[in-house]
Amino acid sequence: MDAKLINAFLTAGMDAFESMFQITTQNKEPYILDINAGHPWEVSGIIGATGFHKGIVAFRLHKVLASKMLEVSGIECKPDEREEMACELVSEFTNIISGNAISKIPEYELEISPPLTVSGPNHQIMWPKNFPVIAIPFSTKYGSFEVDVCFK
C-alpha cells in the first residue's frame, strides 16, 4: 500500500481530533493488522471508498473515548441517548477523517460511502481478503484509538 495514502489518513486523524476536540494525539508506529486476531475496540466507524483504488477505512476506539468526544463537542443529549449519540459522533468523525484524507490525495480519485458504526466487544469487520490492513494507532490522555486502512 502506498505510503502517501497511509500518511494522508495519519495526518487527517491527528488534525481532525485536535481541531474538533482540542485533544492532543500522539501517533505510534503503523503495523499490519492481523484480521483474524481479536481486538480491544468497542466502537468502529466504517467507511468504504471507491475509485482508482477500493477500500475500507475504520476509526476504532473505546466507549470511554467516544463519550469524552461527545462531552467535548458540546452536543446536548439525554442520559439514555448518550451511547447512541456517541456512536453517531464516531460515524461522522470517520466521515470527516476520510474526507480530509482523500482531499489530500486527489490523484487517487476516491469517493467515500456514507459512514456506519459497529459497536460491541470484539465486533468484526469483513476486511477484503488478500490485501493488508494497515493499523495506525494513536494515543490521547483519554485513551487510545486506531485508524485502520485497507486499499486494493
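What you see is a predicted model; the values in this text were computed from it and never measured. By convention here, the first residue in the shown sequence is residue 1.
Rounding to the nearest 0.5 angstrom, the gap separating the CD1 atom in I75 from the CD atom in E88 is 9.0 Å. The line from CG of D80 to CE of M85 is 12.0 Å long, rounded to the nearest 0.5 Å. Here the straight-line distance linking atom CG of L89 with atom CE of M20 works out to 6.0 Å at 0.5 Å rounding. Atom CD1 of I46 and atom OG of S113 lie 9.5 Å apart (nearest 0.5 Å). Rounded to the nearest 0.5 angstrom, I125 CD1 and I56 CD1 are separated by 7.5 Å. Note: Q26 CD to T140 OG1 = 11.0 Å, rounded to the nearest 0.5 Å.
Heavy-atom minimum distance, W127 versus D148: CH2-CB, 3.6 Å. Contact record, C87 with T117: O-OG1, 3.0 Å, taken as the closest heavy-atom pair. A pairwise comparison of heavy atoms in A86 and A66 identifies CB-O, 3.9 Å as the closest pair. Considering all non-hydrogen atoms of both residues, I97 and A16 come closest at CG1-CB, 4.3 Å. Closest approach of L65 to S144, counting heavy atoms only: CD2-O, 3.5 Å.
A donor-acceptor pair is defined here as one N or O able to donate and one able to accept, closer than 3.5 Å; no such pair exists between the side chain of S98 and the backbone of N95. Between the side chain of E42 and the backbone N or O of K63, at least one donor-acceptor pair lies under 3.5 Å. Judged purely by atom type and a 3.5 angstrom limit, N122 uses its side chain to pair as donor or acceptor with the backbone of H39. A distance-only check finds a donor-acceptor pair linking the side chain of S73 to the backbone of L70 [under 3.5 Å].
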Applying side-chain contact (heavy atoms from CB on, under 4.5 Å), run through V147 and V57 and close with a yes or a no. CA-CA 7 Å; V147 177; V57 176; 4.1 Å; yes
Is there a side-chain contact (heavy atoms from CB on, under 4.5 Å) between I134 and I32? Walk through the geometry before answering. CA-CA 5 Å; I134 307 298; I32 303 290; 3.3 Å; yes
Check step by step if side-chain contact (heavy atoms from CB on, under 4.5 Å) holds for H53 and L5. CA-CA 10 Å; H53 295 283; L5 185 67; 5.7 Å; no
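Residues F131 and I47 fall into different hydrophobic clusters, defined by Ile, Leu, Val, Met, Phe, Trp and Tyr side chains chained together at heavy-atom separations under 4.5 Å. When hydrophobic clusters are built by joining Ile, Leu, Val, Met, Phe, Trp and Tyr residues whose side-chain heavy atoms come closer than 4.5 Å, directly or via intermediates, F9 is not grouped with W41. Residues V43 and V64 do not share a hydrophobic cluster, clusters being chains of Ile/Leu/Val/Met/Phe/Trp/Tyr side chains in contact below 4.5 Å.
Counted within 6.0 Å of CD on E92, heavy atoms from surrounding residues, nucleotides or ligands total more than 12; the atom is thus considered enclosed. Heavy atoms of other residues, nucleotides or ligands lying less than 6.0 angstrom from CZ of F52 number 12 at most.
T94 pairs by the side chain to side chain donor-acceptor pair (under 3.5 Å) definition with nothing, not counting sequence neighbours. Not counting sequence neighbours, the partners of V72 by the side chain to side chain contact (heavy atoms under 4.5 Å, CB included) test are F21, Q22, I23, K68.
Listed by first and then second residue, the side-chain hydrogen bond (donor to acceptor under 3.5 Å, both in side chains) pairs involving residues 4-21 are K4-E107, E18-T25 (not counting sequence neighbours).
Applying side-chain hydrogen bond (donor to acceptor under 3.5 Å, both in side chains) to S44 and the options Q124, H123, E146 leaves one that passes, H123.
The aromatic rings of F145 and F59 stand perpendicular to each other, their planes meeting at an angle above 60°, with 30° marking the opposite boundary.
Within the 4.5 Å cutoff, the side chain of E71 has heavy atoms near those of the R82 side chain.
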